[in-house]
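We count ligands from 1, going down the list as the structure has it; atoms in each ligand are counted the same way.
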Amino acid sequence: MLEEQKVLKFPDGFLWGVSTSSYQIEGGITNDWSQWEMSEKRLKELRDKKLNYRDFVAGRACDSYNKYKEDAEMVKALNCGGYRLGLEWARIEPKEGEFNYEEIEHYRRVLENLREKNIKVVLTLWHWTNPLWLVNEGGWANKKVVDYFSRYVEFVVTQLGDLVDFWVTINEPTVHVFNGYFRGTFPPNKKNIFLGAKAFLNLLAAHKKAYDIIHRYNLRANVGFTHLGDNFQPARPWFLPEIMLAWFFNFFCNNLFLRLVHGHTDYIGLDYYFHNRVVWHPPFLKNLNKDVTDFGWEIYPEGIYNILKDLRRFKKPIYIMENGIADAADAKRGKFIIDHLRYVHEAIEEGEDIRGYFHWSLLDNFEWAAGWTMKFGLYSLNRETCERKARPSAAVYAEICQTNQLKIMPT
Ligand code: FCB
């Protein structure tokens, strides 16, 4: 007998969106990342790997600084009700304590344009990049950063607060600490646990202060941060050492920061990309990788469900602020979206308070240490002309956003 097509409806008012960040799309920014991209050390590393440095500098990026109207049109064409974008601290405060009002005017135009189009603004205040003056003061490992960040946040709230629907104070703090201070793959490229611990605590304090500042100006503001939720699972669910190790990873990577911010977040912004199968011996993480993205990341839709269930303990509304796939050929993206959303829907059906889903990303952009090699966009980008073009999966997502439902075809 033929199985019937299933329709999975999402709750009324569920917020569909797409995510980007300032450095990855705007172009023309001078900060710690642009400095690192051109450093002798980085250039040598790329030469040694026989890689073309042009593929690893953000440079003009997607030129979204100038093409922001086109980007907003694309958000609209996807039938999204929300757009997550970022501010660049280095633009707004190029010198310590000196704010650039022209740049604020620019960002006002960007946000007003979204408002005119009836798109809800999810604004990220810090997405991993720092002004150079802050780097010279020791970046996030210096305690002073908490006051610096607070001053920047207060300035932004007074200038742009009327145009913001959701605030993301800090993007994935644990990733900045892990990649910046333990693995050394992101600026400040250190391998220093001590500095990493300091940065962790400063990010935590900065988030809490930002939360209070924004609420001082607007009691009803919606303030949170985005958190990379990795799904750790013991390879053998009956084997105690692996159960304990998975618990340990889950505690430190997923729950610790969330526990510590408790009371200072109105929602949880979940970014989901990774499933990690935990084994008791080095290298401790060993995935089966039956299906992977261009990045080599395992595709594991069930993981989003596991994390959503785990986040229940925090009793906060959840917005999925990032979930996406590096897939230049666009061969897997449509299915990836549907498979993940099936699990999101299942969690909602079971009573989890999930209020939105933002796909990463609107368009191909500068993927940090992987540069331009990884393509996460629903729209592709021609790097010569900056022309954007919808990939076939954009139509899949646009239909979901428009109908607020998923159609599951019989297999
Ligand atoms: C997330 C980052 C985002 C993007 C995706 C692929 O961890 O927040 O900027 O790079 O990964």
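Within the listing of ligand 1, atoms 2 (C), 7 (O), 8 (O) sit less than 4.0 angstrom from a heavy atom of W128. Here is the list of ligand 1 atoms found below 4.0 Å of a heavy atom in F376: 6 (C). Atoms of ligand 1 found under 4.0 Å from any heavy atom of Q24, numbered from 1 in the order shown, are 3 (C), 4 (C), 9 (O), 10 (O).
The structure places CD of E88 at 11.0 Å from NE2 of H106, a figure rounded to the nearest 0.5 Å.
Looking at H127 against ligand 1, only its side chain comes within 4.0 Å, counting heavy atoms. Counting heavy atoms under 4.0 Å from ligand 1, residue T226 does not touch it at all.
The nearest pair of heavy atoms linking L43 to M38 is CD1-O, 3.5 Å.
Aromatic pair F232/F248: centroids not less than 6.0 angstrom apart.
At the top of the distance list for atom 5 (C) of ligand 1, counting protein heavy atoms only, stands Y273 OH, 3.3 Å. With hydrogens left out, the protein atom closest to atom 10 (O) of ligand 1 is E367 OE1, 2.7 Å, a heavy atom. Of all protein heavy atoms, the one lying nearest to atom 7 (O) of ligand 1 is E172 OE1, 2.6 Å. Among all protein heavy atoms, the one lying closest to atom 3 (C) of ligand 1 is E322 OE1, 3.3 Å.
Tested against R391, the residues D327, D330, D364 include a single side-chain hydrogen bond (donor to acceptor under 3.5 Å, both in side chains) partner, D364.
Using a 4.0 Å cut-off between a side-chain N of Lys or Arg and a carboxylate O of Asp or Glu, K309 and E352 qualify as a salt bridge. With respect to the salt-bridge test (charged N to carboxylate O, under 4.0 angstrom), the residues D147 and K209 qualify.
Of the polar atoms of W360, none of the N or O atoms is found under 3.5 Å from an N or O of ligand 1, judged by distance alone. By the 3.5 Å distance cut-off applied to N or O atoms, W297 is not counted among the residues near ligand 1. Residue contacts with ligand 1: D271 is placed with no nitrogen or oxygen under 3.5 Å of a nitrogen or oxygen of the ligand (distance criterion only).
Using a 3.5 Å distance cut-off with no hydrogens or angles, the side chains of S64 and D71 do pair a donor with an acceptor. For the 3.5 Å distance criterion, the side chains of Y357 and N323 qualify, holding a donor opposite an acceptor.
Heavy-atom separations between N171 and ligand 1 include at least one value shorter than 4.0 Å.
No donor-acceptor pair closer than 3.5 Å links the side chain of K332 to the backbone N or O of D294.
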